[in-house]
Amino acid sequence: MMKVDVVIDPHKEIGVIRPELHGHFLEHLGSAVYDGVWVGPESPVPNARGVRTLAIEYLRRLGIPVLRWPGGCFADTYHWRDGIGLPANRPRRMNLWWGSSVETNAFGTHEFIEFCRLIGAEPYLAANIGSGTPEEIRDWLEYCNYPGGTSLSAERVENGSPDPFRVRFWGIGNESWGCGGHMTPEEYCSAYVRAATYLTPLGGTIPYLIAVGPESNDIEWSRRFFEAYWNARKYRPPLHGFAMHFYSWGKSTPTAYTNETLREQLNHFTALERAIIDQRTLIDSFPVHPQGGRVGLIVDEWGTWDLSDKEVEKQRGLFWQQNTIRDAIAAGLVLNIFHRQADKLIMCNLAQLANVLQALLLTSGTSCIRTPTYYAFLLAREHRGGRSLSVEQNFNQSGSPSVSASETTGSITITLVNPDPSLPHEVRCTVKGVDTRHLDATILHHDDMNACNTIEHPDTIIPIPWTAETEKEALTIHLPPLSIARCTLTL
Ligand code: AHR
């Protein structure tokens, strides 16, 4: 048993936890879109305008603040015109990065926007700067956001959407140091600047322009990009966001983890907290943008990336990954990092929404289930929009509990994660000046690190009520190995 003391101070605020820190990502990869969230209007699978009804229901219940699409590496091969107009007339293309599969373009811009509206998510478009042109991105912006009266906006109206889409978030490329064109930071900066020059406010929507950031904590990429942007130019277009990617690769297939491979994968997420601090410090060492203020740091893609099981992939699609209690713990750890670093971040997106990598939903035929990761997000939901509070603990090393806390009107939410596969924790939390008696606790836990929800047993891992002892301004909670607990204190 590990005993840990934690002190939460409601008078020490870190920053506001923007809802977008709980964002998501959907790519044309494996079965994320087709047979995942999108089944098409003619499908026997119950759907609303082609979107799987159960996916809508589950995602609405969770709340998806923002959704990034269409990639990923796919974004830099995607030509948006392929995905508009009558579906029967849309070209069939090869999906270059992801298995050379056939992309029917049945799910295009209108379908994506409709999907976002159905689940209440704000759309985020990742535009093609790798194999595309600044003109193509500019036209997409006009097609989406110009109210009417130009040929492009008239085409949108003809295609069934009289109201502009008012898309705010625009990514210029994806991983331009890799699949997005193998550019140097200086080459990418030039590509960014050229494209961003033409992405102006339209119809009252000011585009929030996002540049490609580093893989993990690659400071060299970021430093050279910002030097090229700030030092080598007299005039520059706006730059609002800078997006890094962070994956924790595992050395086991999803349901064959051992204590050792699990610890290694979960420990790697401490490097994410370091990366956020380092990247923020680097960005802040450059001037504040006169048009856009402080450049926002984004974790555009994050999650677990396990060894793939080739046989499973053949049946269920590329990067199909079963999701276990370990993934929920990973999500709990990472969301706690985002809450604790809320003053440094403006958006973070899990990879990916359905069936691919660390998914929220898994689908098969007519079935759709919620993964343990889904429930980890559900437990964290109350933090959205809250004031992140200072958390100090007397013991902080690999395997020790991870804690975040926030205050919204009338309540304080505390999330505690025990990432250790064998050691229970007892955490005594002092919440300065707060009477802890009005407490509601919930836990997500399983004794078997490889346990998961399946189509046959979809509720193996779900949140259940839990208890904690309270005394004046303290609460003491028992956390079994591999568990996430949420405590809500009513003030
Ligand atoms: O999420 C899968 C892939 O991982 C994305 O397409 C790419 O951006 C990253 O390398």
Side-chain angles (χ1 to χ4, degrees), residues 23-34 36-37 64 66-79 93-101 103 107 112 124-132 169-183 188 191-192 210-218 221-222 241-250 254 265 268-269 271-272 275 298-309 312-313 316-323 327 330-331 334 347-362 371 373:
H24 294 274
F25 166 44
L26 174 69
E27 179 168 15
H28 288 239
L29 197 180
S31 52
V33 175
Y34 303 112
V37 292
I64 301 288
V66 63
L67 184 61
R68 175 174 180 251
W69 174 84
C73 294
F74 181 80
D76 278 301
T77 62
Y78 183 63
H79 299 285
R93 307 268 185 218
M94 190 194 70
N95 186 328
L96 180 78
W97 290 113
W98 306 128
S100 306
S101 53
E103 167 60 56
F107 190 82
F112 172 65
Y124 166 6
L125 295 177
N128 177 351
I129 194 66
S131 67
F169 296 119
W170 290 84
I172 313 302
N174 170 81
E175 298 193 350
S176 304
W177 32 264
C179 62
H182 293 115
M183 302 182 210
Y188 172 67
Y192 174 85
I210 299 166
V212 168
E215 179 186 32
S216 303
N217 198 7
D218 181 354
W221 171 272
S222 311
F242 187 63
M244 59 187 274
H245 289 182
F246 191 100
Y247 287 99
S248 184
W249 284 277
Q265 187 182 53
H268 186 57
F269 283 114
L272 171 59
I298 296 172
V299 183
D300 227 10
E301 291 181 21
W302 68 268
T304 56
W305 194 320
D306 301 332
L307 279 191
S308 61
D309 182 328
V312 173
E313 277 194 323
R316 315 200 67 171
L318 210 59
F319 297 167
W320 191 90
Q321 193 169 287
Q322 183 51 278
N323 197 285
D327 292 280
V334 172
M347 186 200 289
C348 307
N349 301 316
L350 174 74
Q352 299 198 3
L353 195 69
N355 291 332
V356 166
L357 300 179
Q358 190 176 350
L360 288 186
L361 303 176
L362 296 178
T371 64
T373 295

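As the structure lists them, so they are numbered: ligands from 1, and atoms in each ligand from 1. Starting from 1, each residue takes its place in the sequence as its number.
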Query raised in the report: Can a non-hydrogen atom of His245 be found less than 4.0 Å from any atom of ligand 1?
Result: yes

Report task. Tell me which part of Asn174 gets within contact of ligand 1: side chain, backbone, both or neither, using heavy atoms under 4.0 Å. Result -> side chain

**Report entry** Aromatic ring proximity, centroids under 6.0 angstrom, Phe246 and Trp305
**Finding:** no

Query raised in the report: Is a side-chain N or O of Thr77 found less than 3.5 angstrom from the main chain of Phe74, in a donor-acceptor match?
Result: yes

Requested in this report: Please determine if Cys179 has a nitrogen or oxygen closer than 3.5 Å to a nitrogen or oxygen of ligand 1.
Outcome: no

Query raised in the report: Nearest protein heavy-atom contact for atom 1 (O) of ligand 1: which residue, which atom, what distance?
Result: Tyr247 OH, 2.8 Å

Requested in this report: With heavy atoms of Phe25 as the reference, note each atom of ligand 1 found under 4.0 Å away.
Outcome: 1 (O)

Query raised in the report: Going by distance only, is there an N or O of Trp98 that falls short of 3.5 Å from an N or O of ligand 1?
Result: no

Query raised in the report: Parallel, tilted or perpendicular: which fits the ring planes of Tyr247 and His245, with parallel below 30° and perpendicular above 60°?
Result: perpendicular

**Report entry** Output field: ring centroids Trp170/Tyr124 closer than 6.0 Å
**Finding:** no

Query raised in the report: Which atoms of ligand 1 are found less than 4.0 Å from any heavy atom of Glu27?
Result: 1 (O), 2 (C), 5 (C), 6 (O)

Report task. Output the list of atoms in ligand 1 that are nearer than 4.0 Å to some heavy atom of Leu357, sorted by atom number. Result -> 1 (O), 2 (C)

Query raised in the report: Got a donor-acceptor contact below 3.5 angstrom from the Glu215 side chain to the Trp221 backbone?
Result: no

**Report entry** Test: Arg68 and Glu27 ion pair at under 4.0 Å
**Finding:** no

Query raised in the report: Going by the atom numbers of ligand 1, which of them fall below 4.0 Å from some non-hydrogen atom of Gln352?
Result: 1 (O), 2 (C)

Query - Expected output: side-chain Glu301 to main-chain Phe25 donor-acceptor under 3.5 Å - result: no

Report summary line: Ranked by distance from atom 8 (O) of ligand 1, the top protein heavy atom is Glu301 OE2, 2.8 Å

Query raised in the report: Do ligand 1 and Trp305 have nitrogen or oxygen atoms that lie under 3.5 Å from each other?
Result: no

Report summary line: protein heavy-atom neighbour closest to atom 10 (O) of ligand 1 works out as Glu175 OE1, 2.8 Å

Report summary line: In ligand 1, the atoms that come under 4.0 Å of a heavy atom of Cys73 are 5 (C), 6 (O), 7 (C), 8 (O)

Requested in this report: Find out whether Met244 and Ile298 are in side-chain contact, i.e. whether some heavy atom of one side chain is under 4.5 Å from a heavy atom of the other.
Outcome: no

Report summary line: The residue among Phe319, Phe112, Tyr34 that forms ring-ring contact (aromatic ring centres under 6.0 Å, His included) with His28 is Tyr34

